[in-house]
A.B. asks: 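Take this structure first; my questions come after.
In what follows, residues are counted from 1 in the order of the sequence shown. What you see below is based on every heavy atom in this structure, not just the backbone, and it leaves out hydrogens, waters and symmetry mates.
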Amino acid sequence: MGFKHALTGGGGAADRVRGAAFNWLGQGLTGKGTLELDAGTGVLGREAQSRGAQLSVALDRNPSLIRALAGVATVIGIAGIETHVDDALR
């Protein structure tokens with residue numbers, strides 16, 4: 001898997017799971033907050049932001065992934081993502 005693939009969260013199965021999750025949650029997340037444990041690329045938080053979430057907290061134990069997620073959020077202008085390096089199972 002290449003870096004670009006990892007950052008975009010690409011993959012058919014992943015897209016279907018993400019779509020099903022947001023269909024279940026509803027389309028409008030305006031004013032709501034989300035928590036993404038083991039965030040990886042943060043694709044769920046970015047999707048939540050695109051649907052109006054006020055704050056999306058992303059947690060992952062991999063500092064490189066969290067730095068990449070924070071960098072991508074800055075580049076594309078998403079201010080509502082808060083990132084943390086930690087272990088969700090701790």
A.B. asks: Can you list the steps and then say if Gln49 with Ile81 is a side-chain contact (heavy atoms from CB on, under 4.5 Å)?
C.D. replies: CA-CA 8 Å; Gln49 288 291 297; Ile81 292 184; 3.8 Å; yes
A.B. asks: Identify the heavy atoms of Asp60 and Ala39 that sit nearest to each other, and give their distance.
C.D. replies: OD2-N, 3.3 Å
A.B. asks: Identify the two heavy atoms, one from Gly45 and one from Ser56, that lie closest to each other, and give their separation to 0.1 Å.
C.D. replies: O-OG, 3.4 Å
A.B. asks: Look up atom OG in Ser64 and atom CG in Leu69, then write down how far apart they are to the nearest 0.5 Å.
C.D. replies: 12.5 Å
A.B. asks: Mind checking the CG-CG spacing from Leu44 to Asp38? Nearest 0.5 Å is all I need.
C.D. replies: 11.5 Å
A.B. asks: Quick one: does Arg61's side chain get under 4.5 Å of Leu89's, heavy atoms only?
C.D. replies: no
A.B. asks: Report the C-alpha distance between Ile66 and His84 in whole Å, list the side-chain angles of each, state the deciding distance to 0.1 Å, and finish with yes or no for side-chain contact (heavy atoms from CB on, under 4.5 Å).
C.D. replies: CA-CA 7 Å; Ile66 290 297; His84 298 275; over 6 Å; no
A.B. asks: Quick one: are Asp86 and Arg90 in side-chain contact, heavy atoms under 4.5 Å?
C.D. replies: yes
A.B. asks: Quick one, Val57 and Glu36 - any side-chain contact, counting heavy atoms below 4.5 Å?
C.D. replies: no
A.B. asks: For the residue pair Thr34 and Ala53, what are the closest heavy atoms and their distance?
C.D. replies: CG2-CB, 4.5 Å
A.B. asks: Before you tell me yes or no, could you show the steps for Ile76 and Arg46 under side-chain contact (heavy atoms from CB on, under 4.5 Å), namely the whole-Å CA-CA distance, both residues' side-chain angles and the distance that decides it to 0.1 Å?
C.D. replies: CA-CA 10 Å; Ile76 62 177; Arg46 292 193 320 265; 4.2 Å; yes
A.B. asks: Do Gln54 and Thr30 come close enough that some side-chain heavy atom pair is under 4.5 Å?
C.D. replies: no
A.B. asks: At their closest point, which heavy atom of Leu65 faces which heavy atom of Gly40, and how far apart are they?
C.D. replies: CB-O, 3.7 Å
A.B. asks: For Ala70, give me all partners under side-chain contact (heavy atoms from CB on, under 4.5 Å), at least two apart in sequence or on another chain.
C.D. replies: Thr83
